[in-house]
Undergrad: 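The structure is given below, and queries will be raised subsequently.
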Amino acid sequence: MPGIRLQPGIIYGPILSRRLGRSLGINLLPTDRKTCSFDCLYCQYGPAKVIDLTKTQIVFPSVNAILQAVKHALMKPRTIEMLTFSGNGEPTLHPDFVEIVHGVFTLRNELRPEAKLAIFSNASRVVDPNIISTLGMFDVPMMKLDAGDVTTFQRLNRPSEEIDFNNLVSSLRKLPNLMIQSLLLDGEISNVHGDAYTAWASLLAELKPKLIHIYSTSRPTAYAGVKSVNAHRLKVIADELEERYQLNVMAFD
Ligand code: SF4
């Protein structure tokens with residue numbers, strides 16, 4: 001199934017994000033294909049072969065090009081509440097991710113101290129201690145967690161084969177300021193019913209993230225057979241997680 005258009009450059013927006021307010025997007029990834037270590041059933045960019053960086057030659061934008069683009073964008077007179085690493089796949093796959101974040105952090109402090117730093121990540125590289133410590137520099141480190149068990153993780157997120165779900169979860173426990181984003185869906189594969197739902201909710205209760213965003217698909221998805229979860233059901237789930245586990249949950253329809 002075709003997805004939405006890829007971002008054509010490094011900077012996009014500012015856009016009025018339903019989850020982050022007025023956000024300037026930073027895309028660290030190539031502009032001609034999705035570059036991700038997952039191939040989620042619901043991906044808005046459509047299906048694509050997952051990336052194994054040990055075997056694939058990919059040309060990423062240079063550190064210099066990224067920092068110049070960010071600097072130029074921050075100097076324009078306009079309101080920016082959030083600087084958000086997201087874009088055409090998984091931002092932490094850029095081989096110079098750590099250096100780039102430090103550079104953007106410095107530019108933010110110099111030019112836009114009022115803006116917060118955010119990242120939407122699938123958490124596949126949190127097993128690297130350097131990535132964990134760098135994610136600690138973000139005000140809003142949103143880590144994807146759609147499943148609480150390995151079977152649902154495999155079926156829903158379709159990760160690169162070297163990614164181990166249990167290692168990923170263990171590493172999430174080390175992330176200060178942990179925030180979770182979970183996409184809930186129904187259909188042939190679901191995380192809102194039965195054992196899959198119970199495992200996901202129990203894992204959240206154990207991780208106790210500072211904040212949880214739950215939402216569903218509102219765009220074309222990578223694979224057929226995916227059903228979105230309606231606003232009422234999202235609200236019921238948010239209330240249940242808050243009451244039962246004292247978690248801070250925001251539902252977005
Ligand atoms: S992690 Fe994000 S970009 Fe990667 S496949 Fe999943 S939805 Fe798409």
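All ligand and atom numbering here is 1-based and tracks the order in the structure.
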Undergrad: Does Cys43 bring an N, O or S atom to under 2.8 Å of atom 8 (Fe) of ligand 1?
TA: yes
Undergrad: Are any non-hydrogen side-chain atoms of Asn157 and Lys144 less than 4.5 angstrom apart?
TA: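 They are in contact (side-chain heavy atoms under 4.5 Å apart), so the answer is yes.
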Undergrad: What atoms in ligand 1 come closer than 4.0 Å to a heavy atom of Asn122?
TA: 1 (S)
Undergrad: Of the side chain and backbone of Asn157, name the one, both, or neither that has a heavy atom under 4.0 Å from an atom of ligand 1.
TA: neither
Undergrad: Using only heavy-atom distances, determine whether the side chains of Ser124 and Ser37 contain a donor-acceptor pair under 3.5 Å.
TA: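 Their side chains do contain a donor-acceptor pair, which is all the 3.5 Å distance test asks for.
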Undergrad: Nearest heavy atom to atom 2 (Fe) of ligand 1: which of Lys144, Glu90, Arg158 does it belong to?
TA: Lys144
Undergrad: Check the side chains of Tyr197 and Glu240 for a donor-acceptor pair under 3.5 angstrom, ignoring hydrogens and angles.
TA: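 Checked: Glu240/Tyr197 side chains pair up, N/O donor to acceptor below 3.5 Å.
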Undergrad: In terms of side-chain heavy atoms, does Thr152 have a donor or acceptor partner in Asp149 at a distance below 3.5 Å?
TA: yes
Undergrad: Does Cys36 bring an N, O or S atom to under 2.8 Å of atom 4 (Fe) of ligand 1?
TA: yes
Undergrad: Checking a contact table here: which protein heavy atom is nearest atom 6 (Fe) of ligand 1, and how many Å away?
TA: Cys40 SG, 2.4 Å
Undergrad: Can you see whether Phe97 has Arg125 sitting over its ring - NZ or CZ less than 6.0 Å from the centre and within 45° of the normal?
TA: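 Not flagged: Arg125 not positioned over aromatic ring of Phe97.
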Undergrad: Take every heavy atom of Phe120, measure it against each atom of ligand 1, and state whether any distance is under 4.0 Å.
TA: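 For ligand 1, residue contact (heavy atoms, under 4.0 Å) with Phe120 is absent.
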Undergrad: Could you list which atoms of ligand 1 come closer than 4.0 Å to a heavy atom of Tyr42?
TA: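 Those qualifying, in numeric order: 7 (S).
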Undergrad: Charged N to carboxylate O below 4.0 Å: is that the case for Arg233 and Asp186?
TA: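 No, this pair does not count.
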